[in-house]
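Let me begin by presenting the structure, written as structure tokens, before commenting on it.
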Amino acid sequence: MSKLQSPRGTADLMPEDMAGHRHVIDTAKSCAGVFGFEEMATPIFEFTDVFARPLGESSDVVTKETYSFTDRGGEGLTLRPEGTAGVVRALISAGLTQTLPQKFYYQGPMFRYERPQKGRMRQFHQVGVELLGPTSPMADAEVIALGAMMLDQLGVLASCRLHLNSLGDAECRAAYRSALVAFLSGVKDQLSEDSQRRLDTNPLRILDSKDEGDRALIADAPLLGDYLNEASTAHIERVMEQLAAAGVAFERDPKLVRGLDYYCHTAFEFITSDLGAQGTVLGGGRYDGLAETLGGPNVAGVGWAAGVERLALLSGQAPRLDAPLVLIALPDAEGQMSTETQLFALANQLRQRGIRVEMPFSGNLGKQLKRADKLGARYVGIFGADEAAQKALVLRDMQDGSQTNLGLDAAVDHLSTLFQDQS
RNA sequence: GCGGGUGUAGCUCAGUUGGUUAGAGCGCCAGAUUGUGGCUUUGGAGGUCGCCGGUUCAAAUCCGGUCACUCGCCCCA
């Protein structure tokens, strides 16, 4: 086994992996397009503040999961751990806050310093969408419907459940938070070690604890739903109504809390049971305060991100290259390889018409036919001394072994139609 | 950062109570077949047994450490 390895938590995308990856990205992009989301990209690193401020100084993502460094000019930079903050920053930078709404789709690598396990890497990839401007619940519903369509087209929706919750606006979220902290502080001694720590850093997260003891305590805790004000209740009800109308199945999950500070109102996750502990396949929510936190104007927003690796693991087979035409050159009458040069010219003409053509680089006829078989070729063209004399190409059908002669003049047109019919 | 599991050929894996030259299947290369693939058959290449140290006459095997991968916790896509 070689000692040469990529750094921990990173992985090469070899062709078979890349096919699955590409399939997810292409599907996401085409679904986004139907909803009017156009692709954009932001830098892979930003000034550290871009992530530190909106994500919450104390959030785990910022305190222990970022790849941060100082560059040669002394700037504090951070490899992006998620996409939303960068997109909103770009919106503000470009002055697009004057021309709302804006709908963006993006895709690319993200970086989090974590212990890797299945479906969790230090460099991983996300596809995401952001809908900026509208405060309407329909924006939430639109974004969720888009996510559901993408998952459906990838064949993973059926094994996912959509969990939906409202975190309320800033006002009722704060009220609930203090009520929860008050309750939990009373039983602090009985909480798990992790949850005692979370009481300070992210108390809402305790609702989602996997510790048995915690779960029992939480059963009596105040519910977020009881603290929602009228506006917040109306908002989430409207979202649920529209999702139902669009045929998107969901379940209200009062314990769903997202880890990043900037979320408000609608929060949602599509969760699968097929990926061990890393069940969240797509997650997002509304983040109305984010733009202001970054120092921009007040711009509402809602969006989600989905893990490309996780989706690729779930969605199975992805399209690969078409079966090729294999052209085999044999020595001409003088024992030279002028045949190869003629075939190369033919290959190029066919390639210009979009046909995949392979010419083995060496080997006798037997070897090259074997190679053609491995490449999955249905048709093989053979061209040697006899064929050169007749100005013809032997076309072999690998399925039944039959062979026909094809005049060189007609070869390009004939093979073009043959391969177009095939696909 | 914390716990569990696993490291033997390119891949999937055997390898007995420690014993002499470490195996199989698949894959790869070549011959049988110098202009005809798949099937068959014969042969071949490919291994610091993750790494370092220890115990022993003797270590892939036992012990310690370390690294990597993996599963779970934390957190999240």
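Order of the sequence lines fixes the chain letters, A, B, ..., with proteins taken first and strands second; residue numbering starts at 1 for each chain.
Taking 3.5 Å as the limit, the base of B:C76 and the side chain of A:Arg310 contain a donor-acceptor pair of atoms between them. One donor-acceptor pair, N or O on each side, does fall under 3.5 Å between the base of B:A77 and the side chain of A:Arg112. For A:Gln368 against B:U36, no side-chain N or O and base N or O form a donor-acceptor pair under 3.5 Å.
Per the geometry, CZ belonging to A:Arg371 stands 12 Å off C1' belonging to B:C28, to the nearest Å. For the pair A:Glu65 CD and B:C73 P, the computed distance is 15 Å after rounding to whole Å. Taking atom CD1 of A:Ile271 as the reference point, atom P of B:C75 lies 14 Å away to the nearest angstrom. If you take CG of A:Asp397 and P of B:G38, they are 16 Å apart, rounded to a whole angstrom. Counting to the nearest Å, the P atom of B:U36 and the CG atom of A:Leu395 are 18 Å from each other. Distance, A:Leu369 CG to B:U36 C1': 5 Å, rounded to whole Å.
Taking for each of A:Lys367 and A:Ala377 the nucleotide of RNA chain B with the nearest heavy atom, the 5'-most of the two is the partner of A:Lys367. Between A:Arg120 and A:Leu282, the residue whose closest nucleotide on RNA chain B is further toward the 5' end is A:Arg120.
For the 3.5 Å distance criterion, the side chains of A:Tyr287 and A:Glu130 qualify, holding a donor opposite an acceptor.
When the C1' atom is used for both B:U70 and B:G50, the distance is 15 Å, rounded to whole Å. Comparing the C1' positions of B:U12 and B:U16 gives an interatomic distance of 22 Å, to the nearest angstrom. Taking the P atoms as reference points, B:G15 lies 14 Å from B:U6, given to the whole Å. Comparing B:G25 with B:U20, their C1' atoms are spaced 27 Å from each other, to the whole Å. Rounded to whole Å, the separation between the C1' atoms of B:G7 and B:U61 comes to 14 Å. For the P atoms, the distance linking B:G54 with B:C73 amounts to 40 Å, nearest Å. Remark: the separation of the P atoms in B:A45 and B:G23 is 13 Å, to the nearest Å.
In the set B:G37, B:A77, B:G35, the nucleotide with an atom closest to the side chain of A:Arg396 is B:G37. Taking the side chain of A:Glu387 as heavy atoms from C-beta on, and the options B:G37, B:G35, B:C73, the nearest nucleotide is B:G35.
By the 4.0 Å N-to-carboxylate-O rule, A:Asp373 lies too far from A:Arg371 to be salt-bridged with it.
Within 4.0 Å of A:Gln403, counting heavy atoms only, lies at least one base atom of the nucleic acid.
For the OP1/OP2 pair of B:G72 and a distance below 4.0 Å, the side-chain nitrogens and oxygens of A:Gln117 include at least one atom meeting the criterion.
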